[in-house]
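The shown structure was predicted, so the numbers you read here are calculated from the model rather than taken from an experiment.
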Amino acid sequence: MPNIDRDGVSIHYEAHGDGPAIILSHGYGATSQMWAGQIDVLSADHRLIVWDMRGHGLTDSPDDPACYSEAETVADIAAILDAEGADSAVIGGLSLGGYMSLAFQVAHPDRTRALMLFDTGPGYNNPKAREGWNTGMAIPRAEALERDGLAALGGSEEVRVSTHRSAEGLANAARGMLAQFDNRIIQSLATIPQPTLVLVGENDKPFLAGTDYMANKIPNNTHVVIPNAGHAANIDNPSDFNEAVSSFLKSFD
């Protein structure tokens, strides 16, 4: 299992198969383990890369809160692609991982062959909505982890299949990566030229509106709703999820 070093922070990733590269980023509180049900299918014709974000799983949890940010996460993805010799890749992820995939496209459009956005949202245009997300979701999660340790993560599907080492790292990730700071990403949607898969579980009610918004804004998108699935659509209904992703990849490969 390879690791890369970025300024003293060890970033864990795994790579499977051969072919055009795909890199998948997990949701907040999850790890690369959440993609176990996709590895065999997607690595049959691609170089599938999965990884652990800062503060998560087997990646380091630096003490400095400044080490946790959208910019550092995007740079981590780019560094992993560099280590794998991939000039470009299909960039995808679930929830926070999907948001970071959008951020990667903004920073590196030339390295983004396509986007796959699973059960995610594009952030907020309205500053009050961003403040509501931060004060109602991101900061309380950080505070709960600081107070109660890893037990504060709860038992959602993607969390249950993941193993972490540092509650403090996850708290820092909530403050620096889960929190929203501007509207750059949501403003980028209408200018995305790459083929984009916008996918959501039919029961993932908090993300249905955000998914519809992205499907209405991104010019070249395929919109899929996975039946019998919630927020972790790839775990809840892996058969339909894998079929949707495979069909999307075949549409431009």
Side-chain angles (χ1 to χ4, degrees), residues 25-30 53-56 64-77 91-109 115-148 152-154 156 158-159 167-192 196-219 221 223 225 230-233:
S25 301
H26 58 78
Y28 178 79
M53 293 188 197
R54 292 165 182 244
H56 293 72
D64 185 358
C67 291
Y68 302 80
S69 67
E70 175 191 308
E72 291 288 0
T73 306
V74 167
D76 289 341
I77 295 172
I91 312 295
L94 183 138
S95 199
L96 176 61
Y99 181 86
M100 291 301 181
S101 298
L102 284 166
F104 184 90
Q105 189 279 331
V106 170
H108 301 286
L115 282 167
M116 299 196 298
L117 309 174
F118 311 136
D119 294 272
T120 192
Y124 302 93
N125 269 316
N126 189 313
K128 288 186 177 180
R130 283 197 299 276
E131 181 182 359
W133 170 265
N134 292 343
T135 60
M137 176 65 73
I139 302 308
R141 284 203 178 190
E143 292 172 343
L145 284 156
E146 290 162 345
R147 181 181 63 249
D148 302 326
L153 282 174
S156 63
E158 67 272 28
V159 170
E168 181 180 355
L170 286 163
N172 283 331
R175 295 181 187 278
M177 294 156 57
L178 187 61
Q180 293 276 316
F181 299 101
D182 56 49
N183 67 349
R184 292 168 43 257
I185 303 307
I186 194 169
Q187 286 292 315
S188 75
L189 298 180
T191 65
I192 294 173
T196 302
L197 175 61
V198 181
L199 179 152
V200 68
E202 68 171 348
N203 299 321
D204 190 8
K205 297 188 184 302
F207 285 87
L208 293 176
T211 300
D212 287 344
Y213 185 90
M214 291 189 295
N216 287 325
K217 288 289 186 179
I218 298 172
N221 84 86
H223 186 196
V225 179
H231 188 55

* Measure the spacing between CG of Leu208 and CD of Glu202 and express it to the nearest 0.5 Å. => 9.0 Å
* From Ser25 OG over to Ile91 CD1, what is the distance, rounded to the nearest 0.5 angstrom? -> 8.0 Å
* Asked: Which pair of non-hydrogen atoms, one from Leu96 and one from Leu178, has the smallest distance, and what is that distance?
  -> CD1-CA, 4.2 Å
* **Separation of Asp204 CG from Thr211 OG1 (nearest 0.5 Å)** => 7.0 Å
* Trace of the side-chain contact (heavy atoms from CB on, under 4.5 Å) decision for His108 with Ile77 -> CA-CA 10 Å; His108 301 286; Ile77 295 172; over 6 Å; no
* How long is the span from the CG atom in Leu170 to the OH atom in Tyr68, to the nearest 0.5 Å? -> 8.5 Å
* **Donor-acceptor contact present, side-chain Asn134 to main-chain Ala179, <3.5 Å** => no
* Identify the heavy atoms of Ser101 and Gly93 that sit nearest to each other, and give their distance. => OG-N, 3.5 Å
* Structure fact -> Test side-chain hydrogen bond (donor to acceptor under 3.5 Å, both in side chains), reference Ser95, set His26, His231, Glu158, output is His231
* To do: May I ask you to test the Leu189-Leu102 pair for a side-chain heavy-atom distance under 4.5 Å?
  => yes
* Under the side-chain contact (heavy atoms from CB on, under 4.5 Å) rule, what do Thr73 and Phe104 come out as? Steps first, then yes or no, please. => CA-CA 9 Å; Thr73 306; Phe104 184 90; over 6 Å; no
* Structure fact -> Correct closest heavy-atom pair for Pro122 and Gly210 would be CD-O, 4.2 Å
* Structure fact -> Between the NZ atom in Lys217 and the OG atom in Ser188, the distance rounded to the nearest 0.5 Å is 11.5 Å
* To do: Keeping to residues at least two apart or across chains, list the salt bridge (Lys or Arg N to Asp or Glu O under 4.0 Å) pairs with something in residues 172-184.
  => Glu70-Arg184, Glu146-Arg175, Asp182-Arg184
* To do: Check the pair Met177 / Glu72 against side-chain contact (heavy atoms from CB on, under 4.5 Å), numbers first and verdict last.
  => CA-CA 9 Å; Met177 294 156 57; Glu72 291 288 0; over 6 Å; no
* Structure fact -> The side-chain contact (heavy atoms from CB on, under 4.5 Å) partners of Ala75 (sequence neighbours excluded) come to Arg6
* To do: Any salt bridge (Lys or Arg N to Asp or Glu O under 4.0 Å) involving residues 117-139? Give me the pairs, sequence neighbours left out, ordered by first then second residue.
  => none
* **Sole candidate of Val198, Thr196, Ile218, Leu199 that passes side-chain contact (heavy atoms from CB on, under 4.5 Å) when paired with His223** => Val198
* **Audit row: Val74, Val106, side-chain contact (heavy atoms from CB on, under 4.5 Å) steps and yes/no** => CA-CA 10 Å; Val74 167; Val106 170; over 6 Å; no
* Asked: Using 30° and 60° as the class limits, which term best fits the ring planes of His56 and Tyr28: parallel, tilted or perpendicular?
  -> perpendicular
* Asked: Between CD of Gln180 and OH of Tyr99, what distance do you get to the nearest 0.5 Å?
  -> 4.0 Å
